[in-house]
Amino acid sequence: MMTEKRENWGSRFGFLMAAAGSAVGLGNIWRFPYLTGMNGGGAFIIIYLGCVALVGLCIMTAEFAVGRRSGLAAVGAYKSVSDRWSFAGALGVLSGFFIMGFYPVVGGWSLAYIAKSFTGLLAAPEAIGDAFGAFITNPVEPLVWMVIYLAINVVIVAKGIQSGIEAAGKVMMPLLYVILIAIIFRTVSLPGGGEGLKFLFTPDFSKVTGQTFLAALGQAFFSLSLGMGCMITYGSYLSKDEKLPQNALIVTTMDTSVALLAAVAIFPALFAFGVEPTAGPGLVFVVIPQVFAQMGGFGVIFSALFFLLLFIAALTSSVSLLEVVVAYLIDQQKMPRKKAVYITSAIMAVMCILASLSLGVMSGFTIFGVGFFDFFDILTDKIFLAIGGGLLAIFVGFFMKKEDLKDELTNGGTISFGAFEVWYNLTKYVIPLVIAWIAFAGITAIQQKSLMIFGLAVIAVFAIFSKKL
Ligand code: PHE
């Protein structure tokens, strides 16, 4: 046993809010709607739901089991079974680090846009697009917001599990639902909004290609915070009497419902105002203010609320990313929590400065063919998460004892988990193959070959030096 008492979640509700908070993020509110728009609406949604149910739910259950069994965060959890495997956990820690190299930049944008909603952003709808471009390429303003955003993360994570992450989740997640539903009421009732709903819920399978499946599965991974040890870490703070499969089901359902609700909030507005469901950062930061600008007096309030929603979603995700790295330093390097938080976030701030500047003054500076922002994004989203998820499934299926898994998922046989065999066989045989296909197709499609080789080399180096991690 460990000498120092390890932290735990204070309540089941608190854990659920924190885990759902990690899952619900920019992936749900910004990425999911635009992917849906690009991939044929209803058809994409059906495929996405299939991926969540088949792969996402199984991997989340597995991550919770691995975390609680060991009572340790990503690296320690793998290590407790085999030294050879610590690299898979370390890869997760590195993914957390790299995602935090750009996520707080976008988090800072959301904070800035709450303020901008009140300071004339909506006054000139035709200038909103240019204003966004000018804002993100400015060498100072986005950095200030990013630092404020990161500082809020630091305060929360430094307070620890119960009084920091859990307390924040308990307040913010219910608030997120309230705001989302308020916005839906407003947008669904817009004249012409019905067209948006029709687009969302009438599947058009003619637009579906192999790429659609890849996009859906990749999105399921990113959105559910899987493949980088985050849910292993959160599971490690769970008490022994919690029902893991049931909690995985609840978190998965909450994450999926927010993605669907976000689409339901956004699409009617796009169609009502004749805006194309365009891709990328533009959808949220350009189109949404344009839509609210045309709404009259309450537009300002709705715009501010929307960006508050985005901020809350991003914040409860980025604290989980920071926690993955911090928990590694606490568990494996025996570092005090506060020190771990300060050191980690200082490095993240430097990465974010580079990422933010890479969109503006440093746009000419590239590593492996891309700017820093894209470097952190592509490396994690396209390479590390998928491989991390595949490694976890293989680890669980082939390196952990089936009895141990059953014991963990049934709380020592005291509760039943009727779908155990289904879960086990899916995780062991089906999911590694599905993920291998996705990873192969996704990674080979990366245009910057040197970046692809770099990513794979990092994984190889980690695997070789596994015992040292
Ligand atoms: N799930 C988060 C989102 O949808 C992102 C995230 C990925 C958080 C991995 C933690 C771990 O935005």
Side-chain angles (χ1 to χ4, degrees), residues 17-36 48 51-52 55-57 59-60 63-64 67 73-74 89 91-110 149 153 156-157 165 168-169 172-173 176 180 215-235 248 251-263 281 283-284 309-328 344 348 376-389 392:
M17 292 303 110
S22 165
V24 175
L26 298 171
N28 304 58
I29 296 172
W30 163 68
R31 205 160 175 248
F32 182 74
Y34 95 72
L35 281 179
T36 303
Y48 176 75
C51 293
V52 166
V55 180
L57 186 55
I59 294 285
M60 189 171 303
E63 289 207 10
F64 283 165
L91 190 64
V93 173
L94 189 71
S95 306
F97 233 111
F98 280 173
I99 298 177
M100 283 300 274
F102 70 93
Y103 211 90
V105 175
V106 184
W109 295 350
S110 67
Y149 178 86
N153 283 264
I156 294 173
V157 179
I165 295 177
M172 289 197 276
M173 285 311 286
L176 181 143
L180 194 50
L217 207 96
Q219 170 65 9
F221 250 79
F222 184 82
S223 187
L224 292 166
S225 302
L226 298 175
M228 46 81 66
C230 185
M231 293 303 175
I232 296 180
T233 305
Y234 274 24
V251 174
T252 304
T253 309
M254 285 180 70
D255 183 67
T256 309
S257 67
V258 172
L260 292 175
L261 288 172
L283 186 71
V284 163
L309 174 76
L310 193 65
F311 164 68
I312 291 172
L315 183 63
T316 49
S317 296
S318 52
V319 294
S320 76
L321 289 158
L322 181 53
E323 175 64 21
V324 168
V325 185
V326 166
Y328 161 74
T344 308
M348 288 168 176
F376 296 135
D377 185 9
I378 297 175
L379 207 54
T380 49
D381 185 42
K382 294 231 169 74
I383 305 181
F384 289 173
L385 288 192
I387 292 188
L392 178 93

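All values derive from a computational prediction rather than experimental measurement. Numbering of ligands and ligand atoms starts at 1, following listing order. All residue numbers refer to positions in the sequence shown, counting from 1.
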Pull out every atom of ligand 1 sitting under 4.0 Å from any heavy atom of [X], numbered as shown with elements.
{"X": "Tyr103", "result": "2 (C), 3 (C), 5 (C), 12 (O)"}
{"X": "Ser223", "result": "1 (N), 4 (O)"}
{"X": "Ser22", "result": "1 (N), 2 (C), 8 (C), 10 (C)"}

Would you mind telling me if ligand 1 is within reach of the side chain of [X], the backbone, both or neither, using heavy atoms under 4.0 Å?
{"X": "Ser320", "result": "side chain"}
{"X": "Met228", "result": "side chain"}
{"X": "Phe222", "result": "both"}

Run the side chain to side chain contact (heavy atoms under 4.5 Å, CB included) test on Leu176 and Leu309 for me, step by step, so that the C-alpha distance in whole Å, both residues' side-chain angles and the decisive distance to 0.1 Å come before the verdict. CA-CA 6 Å; Leu176 181 143; Leu309 174 76; 3.6 Å; yes
Do you know the tightest heavy-atom contact between Ser110 and Leu310?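 Shortest heavy-atom separation between Ser110 and Leu310 comes out as CB-CD2, 3.9 Å.
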Nearest heavy-atom neighbours spanning Val325 and Val93: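 Heavy-atom minimum between the residues: CG2-O, 3.8 Å.
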Going through the checks in order, is the side chain to side chain contact (heavy atoms under 4.5 Å, CB included) test met by Tyr149 and Leu315? CA-CA 8 Å; Tyr149 178 86; Leu315 183 63; 4.2 Å; yes
Heavy-atom nearest neighbour in the protein, as seen from atom 9 (C) of ligand 1, with distance rounded to 0.1 Å: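 For atom 9 (C) of ligand 1, the nearest protein heavy atom comes out as Ser225 CA, 3.6 Å.
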Has the side chain of Gln219 got a donor or acceptor atom that lies under 3.5 Å from a matching backbone atom of Asn28?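 Answer holds: no.
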Backbone or side chain, does any N or O of Leu26 fall under 3.5 Å from an N or O of ligand 1?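 Right, the criterion is met.
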Take Ser225 and Tyr234, measure what side chain to side chain contact (heavy atoms under 4.5 Å, CB included) needs, and give me the verdict at the end. CA-CA 11 Å; Ser225 302; Tyr234 274 24; over 6 Å; no
Closest by any non-hydrogen atom to atom 4 (O) of ligand 1: pick that one out of Gly227, Ala259, Ser317, Ala23.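 Result: the heavy atom closest to atom 4 (O) of ligand 1 is in Ala23.
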Test applied, side chain to side chain contact (heavy atoms under 4.5 Å, CB included); reference residue, Met60; option that passes from Leu226, Val55, Asp255: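 Only match with Met60 under side chain to side chain contact (heavy atoms under 4.5 Å, CB included): Leu226.
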